[in-house]
Amino acid sequence: MLTGNHPDPAVTRVVNANGDAEYLLVHTSGSGDIPIYRSTDLINWTLVNPGAFGVIGNNPLMVNGLGYCSIWAPHIHALGQQSYMLSFSASRFQPGLSSCPAFNLDGGSYAAWSNSSIGSYAPQNHPWEPLRFAPAPSCPTSISNLLPQSPSVAQAGCRLPGDCSATIRIDPEVFKDPLTGRSWLAYTWFTNSPPSAADSAWHGEHVSIVELDGADPFTIRCDQNVTRVHAAYPQDTALLQRLSQSCPRCSENLSMTRDRFGNEMYRDGRSWGVVEGPSLFRRGNYVYLLMSGSGWDSPYYNVFWVAAPTVEELRYDNPNRIVGRYLIPSNNEAFGHGTVVAGPDCRSWYYVHHRLSATNCQQNGNCARNVWVSPIEFEDRNDGLGEVHIKPRFPAENRSVTVRVPR
């Protein structure tokens, strides 16, 4: 749908001033402002704002006095009429930064507000924005210090000894469950480098979920017993076995620990794996969580899913959740890191994601990721659950898609 380099696309369905549905797309921008695209059919896209913050040309991106580098995985969220959130991950620095340093597992996740879906976000009359995802300032420090949150500025290393999941790093996804009304933040976190003894068996990137404040989706719920869900980690052999058995070809190109050349990744002498890019949605009685695994530039980069009746039951050690593979790489093409969105007909579901030519990436360093859309189709596997399983798809072998648009 979009050629060139548009990694980590996120699409939001909104209702415009005329009452018509339309879609907004943002994607990883690196160190500059975040472009916004618009579509009515998920296929044809038009650039409607070259910079969500209205500060085109700054590198690093400067917003309300702070610098932002490694700007990844933005997402626009509709909070209500004329109320929108832009979430994103970045390494944030104090003023005076003249150029962006290399990313050092030091980022966090932040959010800004606008009364317009296409910005500008974090306007000058909101000088406190972008906000970091954290408990509200009114939350007592005796509680706040124990809860997941993003660092104020770029900082490597986990906030809490023995609990790296308390440091919100990248890929923020805000989800309001339409069944319960509760709001959640899914995010990716890293183990320390080198890992502690406790973390060495699952060294790498993980996905967790924490409950947001129902009255303020920019903040983590102020409760020392706030619901936290560890949803996936890359060395989960039980998950890998279930995924490999979930369809006749589901064992193909299955890994969460492969690099650009298809080799096992190691860091600090330990296996290093990746699970990232969470996207949540509810369909009927199940909440679904889609995630991507392996290095983003790997020919093994893939999308898998887990599902359960509640967000809490998505935890990795729940044997009753259902799991499966979705986008399976083949023909040296890999697919991943996107968002689920309801189609124009309000009944169909689609996943907007990026695609990588692993051949080009390996041979000449051209690792551009263009934007694709894949249908999410559900099937009954005669297990008594009904039509709840997401059908696996090989996009490199089935390069067409039909988007249903109402007449």
Side-chain angles (χ1 to χ4, degrees), residues 6-17 22-39 45-93 95 97 100 107-134 136-137 149-154 168 170-176 183 185-187 212-213 216-220 339 341 352:
H6 305 282
D8 311 329
V11 169
T12 303
R13 191 177 193 271
V14 299
V15 177
N16 61 26
E22 63 183 27
Y23 298 91
L24 300 175
L25 182 149
V26 289
H27 61 77
T28 287
S29 65
S31 300
D33 211 337
I34 299 167
I36 302 176
Y37 297 80
R38 177 187 284 146
S39 173
W45 295 90
T46 302
L47 180 66
V48 292
N49 186 353
F53 294 105
V55 285
I56 301 298
N58 286 3
N59 187 355
L61 175 70
M62 300 297 299
V63 182
N64 287 332
L66 292 172
Y68 294 84
C69 297
S70 300
I71 301 167
W72 299 340
H75 199 151
I76 294 172
H77 310 275
L79 303 178
Q81 189 172 9
Q82 294 186 321
S83 182
Y84 301 89
M85 174 200 290
L86 174 66
S87 64
F88 63 100
S89 53
S91 297
R92 184 160 79 173
F93 297 91
L97 188 71
C100 284
S109 291
Y110 306 91
W113 178 88
S114 176
N115 62 2
S116 168
S117 60
I118 62 172
S120 293
Y121 287 86
Q124 290 184 350
N125 62 350
H126 282 210
W128 56 87
E129 293 180 356
L131 296 163
R132 67 189 179 104
F133 279 106
Q149 55 193 272
S150 291
S152 296
V153 293
I168 298 172
I170 62 172
D171 302 345
E173 161 92 352
V174 173
F175 168 68
K176 185 173 183 178
S183 294
L185 176 71
Y187 62 96
L212 294 169
D213 189 319
D216 183 1
F218 287 82
T219 61
I220 308 299
T339 52
V341 67
V352 180

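What's counted below: heavy atoms across the whole structure, side chains too, no hydrogens, waters or symmetry copies.
- Nearest heavy-atom pair across Ser183 and Lys176 is OG-CG, 3.7 Å.
- The structure places OG of Ser150 at 11.0 Å from CD1 of Ile170, a figure rounded to the nearest 0.5 Å.
- Using a 4.5 Å heavy-atom threshold, the side chains of Pro151 and Arg132 count as separate.
- Under the rule for a side-chain contact (heavy atoms from CB on, under 4.5 Å), the partners of Asn49 that lie at least two apart in sequence or sit in another chain are Ile36.
- With rounding to the nearest 0.5 Å, the separation of CG in Asn64 from CG in Asn125 is 9.5 Å.
- By the 4.5 Å heavy-atom criterion applied to side chains, Leu212 and Ile220 are counted as neighbours.
- Scanning for side chain to side chain donor-acceptor pair (under 3.5 Å) contacts around Tyr110 gives an empty result, with sequence neighbours left out.
- Pro130 and Arg92 make their closest contact through O-NH1, 2.9 Å (heavy atoms, listed as atom of the first residue, atom of the second, distance).
- Considering only heavy atoms from C-beta on, Pro217 comes within 4.5 Å of Met85 through its side chain.
- Put simply, the side chain of Ser114 never gets that close to the backbone of Tyr121: no donor and acceptor are under 3.5 Å apart.
- The nearest pair of heavy atoms linking Phe133 to Pro172 is CE1-CB, 4.0 Å.
- Here the shortest heavy-atom pairing between Ala122 and Val63 reads CB-CG1, 3.8 Å.
- Put simply, OH on Tyr37 and NE2 on His6 are 4.5 Å apart, with the number rounded to the nearest 0.5 Å.
- In this structure, Ser120 OG and Asn115 CG are separated by 10.0 Å, a value rounded to the nearest 0.5 Å.
- Residues meeting the side-chain contact (heavy atoms from CB on, under 4.5 Å) test with Leu97, sequence neighbours left out: Pro60, Cys69, Phe93, Pro101.
- In terms of modelled atom types and a separation under 3.5 Å, the side chain of Thr339 and the main chain of Val11 share a donor-acceptor contact.
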Please report, to 0.1 Å, the donor-acceptor pairs under 3.5 Å made by any side chain of residues 72-84, with sequence neighbours excluded.
residue, atom, partner, partner atom, Å
His75, ND1, Glu173, OE1, 3.0
His77, NE2, Ser87, OG, 2.8
Ser83, OG, Trp113, NE1, 3.0

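- Among pairs with a residue in residues 27-39, those fulfilling salt bridge (Lys or Arg N to Asp or Glu O under 4.0 Å) read Glu22-Arg38, at least two apart in sequence or across chains.
- Interatomic distance, Thr12 OG1 to Tyr23 OH, rounded to the nearest 0.5 Å: 11.0 Å.
- For Asp8, the salt bridge (Lys or Arg N to Asp or Glu O under 4.0 Å) test picks out Arg369, with sequence neighbours left out.
- Here Phe53 pairs with Phe88 under the ring pair (Phe, Tyr, Trp, His ring centres under 6.0 Å) rule; sequence neighbours left out.
- Scanning both residues, Pro35 and Val26, for their nearest heavy atoms gives O-CG1, 3.4 Å.
- Judged as a side chain to side chain donor-acceptor pair (under 3.5 Å), and not counting sequence neighbours, the contacts of Ser39 are Asp41.
- Shown here are the side-chain contact (heavy atoms from CB on, under 4.5 Å) partners of Asn59, two or more places apart in sequence or in another chain: Ser31, Cys100.
- Distance check, rounded to the nearest 0.5 Å: CD1 of Ile34 to NE2 of His27 gives 9.5 Å.
- Qualifying side chain to side chain donor-acceptor pair (under 3.5 Å) partners for Ser89, counting only residues two or more places apart in sequence or in other chains: none.
- Put simply, the side chain of Ser29 gets close to the backbone of Gly32: a donor and an acceptor are under 3.5 Å apart.
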